[in-house]
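Basis for what follows: all heavy atoms, side chains included, without hydrogens, waters or symmetry-related copies. Computed from a prediction, not measured in an experiment: that's the story for all the values here.
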Amino acid sequence: MGVTKDIITPGDGTTYPKAGDKLTMHYIGTLASNGNKFDASRDRGRPFSFTIGVGQVIKGWDEGVMTMSVGEKAILHITSDYGYGRQGAGGVIPPNADLDFEVELLGING
């Protein structure tokens with residue numbers, strides 16, 4: 001169980017985030033079971049910023065995004081134990097749901 005990654009567009013191959021870095025990303029989150037979208041930064045017209053490796057995001061992001069370099073676009077396949085687990089989230093992610101996130105790492109510390 002955990003997170004796997006399929007690269008859509010490679011990044012620069014040299015600039016990777018480390019724990020404590022502030023990242024800026026775009027993402028689209030879908031349920032793995034049926035492809036239904038539950039959230040997307042692109043729909044809001046602004047990227048999502050957070051600090052990696054400190055528990056601000058689900059474990060699948062903390063681990064999967066750390067393997068991405070700047071400019072990379074990928075799909076993270078996240079099992080429920082690395083997502084929202086038994087509780088689900090916000091009425092849109094059911095309990096024990098596996099998730100797919102299309103993610104793009106736009107910048108580190110900026």
Can you measure from CE (M25) to CH2 (W61) and round to the nearest 0.5 angstrom? 5.0 Å
Quick check for you: to the nearest 0.5 Å, what is the distance between F101 atom CZ and I28 atom CD1? 11.0 Å
Could you tell me whether a side-chain N or O of T79 sits under 3.5 Å from a main-chain N or O of G2, the two making a donor and an acceptor? yes
Point-to-point distance, once rounded to the nearest 0.5 Å, from CG of N36 to CD1 of I93: 11.5 Å
Short question: side chain of E72, backbone of S69 - any donor-acceptor pair under 3.5 Å? yes
Verify the distance criterion only: is there a donor paired with an acceptor across the side chains of H77 and D98 at less than 3.5 Å? no
Heavy-atom check, side chain of L76 versus side chain of D100, under 4.5 Å: no
I'd like to check P94 versus L31 (side-chain heavy atoms, cut-off strictly below 4.5 Å). Are they in contact? yes
Same cluster or not: are I78 and V92 linked, directly or through other Ile, Leu, Val, Met, Phe, Trp or Tyr residues, by side-chain heavy atoms under 4.5 angstrom apart? yes
Quick one: CD1 on I7 to CD1 on I75, what's the gap to the nearest 0.5 Å? 11.5 Å
Would Y84 and F38 count as a close aromatic pair, with their ring centres under 6.0 Å? no
Rounded to the nearest 0.5 Å, how far does OH of Y27 lie from CD of E102? 12.5 Å
Is a salt bridge present between D21 and K18, judged by a nitrogen-to-oxygen distance below 4.0 Å? yes
For Y16 and M68, which heavy atoms make the closest approach, and how far apart are they? CD2-O, 3.2 Å
Heavy-atom side-chain contact between Y82 and I58 under 4.5 Å: no
Taking the side chain as everything from C-beta on, heavy atoms only, tell me whether E104 gets closer than 4.5 Å to R42. yes
Check the pair D39, R44 against salt bridge (Lys or Arg N to Asp or Glu O under 4.0 Å), reporting the backbone distance first and the verdict last. CA-CA 9 Å; D39 192 18; R44 290 188 292 278; 2.7 Å; yes
Side-chain (S41) to main-chain (P47) donor-acceptor, under 3.5 angstrom: no
Hey, does the side chain of D62 reach the backbone of G55 with a donor-acceptor pair shorter than 3.5 angstrom? yes
Charged N-O contact under 4.0 Å between D43 and K37: yes
Side chains of T67 and K5: donor-acceptor distance under 3.5 Å anywhere? yes
Testing L106, V57, T24, V103 one by one against F48 for a side chain to side chain contact (heavy atoms under 4.5 Å, CB included), which residue passes? V57
What's the spacing between R86 CZ and N96 CG if we round to 0.5 Å? 7.5 Å
Closest non-hydrogen atom pair, V65 against P17: O-CG, 3.5 Å
